[in-house]
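Here, residue 1 is the first one in the sequence, and each next residue gets the next number.
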Amino acid sequence: MEGARRRAMVAAFVGVLGASVGVAGAGHVYLREWRRAVSWFTFVVGAGLILLSVFADPTAVTLSTLDEIPPEVTGPLFVLLFLSTFDAYYVAARGGVGDAEPRCPVCRGELDPQVTFCPWCATEFERRPMVDPDPTEASTEDGSGRSESE
């Protein structure tokens, strides 16, 4: 559990760093949750554009006038950036519950069962990684050790 907690804290830290420059989904990028990262990023950018068009004149906003954006726009954006960071922490903290794919013990990246190294961090293994047996398969066996389908 210690590894999952450390991974969650790093994801939250990366999320805060991303949020400090206005980029949502940075913590998800660290976790390699690509769809979730893109979803958060597009959601926050879209919400920002909608709020900007409603509460400010979008044509009058330039880089030199960013400090003049009304709080009706910046407030919700800060909340969304916080929620993105919290979601990255939550995704990392819950761990890989229910994963059917083997994972690297170093970087937690998904592994191909046919290779003897991690393509994400280049860690070499002495033998191929194994997936934990599925508990639902064990319940289909009878006392003879053969499955019911045999």
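Residues Val23 and Ile69 do not share a hydrophobic cluster, defined by chaining ILVMFWY side chains whose heavy atoms lie under 4.5 Å apart. Under the 4.5 Å side-chain contact rule for hydrophobic residues, Val106 and Val115 do not share a cluster. Both Leu81 and Leu52 are members of a single hydrophobic cluster when ILVMFWY side chains are connected at heavy-atom separations under 4.5 Å. Both Val44 and Leu83 belong to a common hydrophobic cluster when Ile, Leu, Val, Met, Phe, Trp and Tyr are linked at side-chain heavy-atom distances under 4.5 angstrom. The cluster map of Ile, Leu, Val, Met, Phe, Trp and Tyr, joined by side-chain heavy atoms under 4.5 Å apart, puts Phe55 and Leu77 in the same cluster.
Side-chain contact check for Cys107 versus Arg32: some heavy-atom pair is nearer than 4.5 Å. Side-chain atoms of Pro70 and Leu51, non-hydrogen and from C-beta on, never get closer than 4.5 Å to each other. With contacts defined as side-chain heavy-atom distances shorter than 4.5 Å, the pair Arg7/Leu31 qualifies. Side-chain atoms of Thr123 and Phe125, non-hydrogen and from C-beta on, do get closer than 4.5 Å to each other. Contact annotation: the side chain of Pro71 approaches that of Thr74 to within less than 4.5 Å [non-hydrogen atoms, C-beta and beyond]. Using a 4.5 Å heavy-atom threshold, the side chains of Asp112 and Pro119 count as separate.
Side-chain N or O atoms of Trp34 include none that pairs as donor or acceptor with a backbone N or O of Val29 at under 3.5 Å.
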- Message: Applying side chain to side chain contact (heavy atoms under 4.5 Å, CB included) to Val91 and Glu33, what does each step give before you reach the verdict?
- Response: CA-CA 9 Å; Val91 167; Glu33 295 280 344; 4.0 Å; yes

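For residues 78-92, the set of pairs meeting the side chain to side chain donor-acceptor pair (under 3.5 Å) definition, not counting sequence neighbours, comprises His28-Asp87, Arg36-Asp87, Trp40-Asp87.
Residue Ile50 comes nearest to Ser53 through the heavy atom pair O-OG, 2.8 Å, listed as atom of the first residue, atom of the second, then distance.
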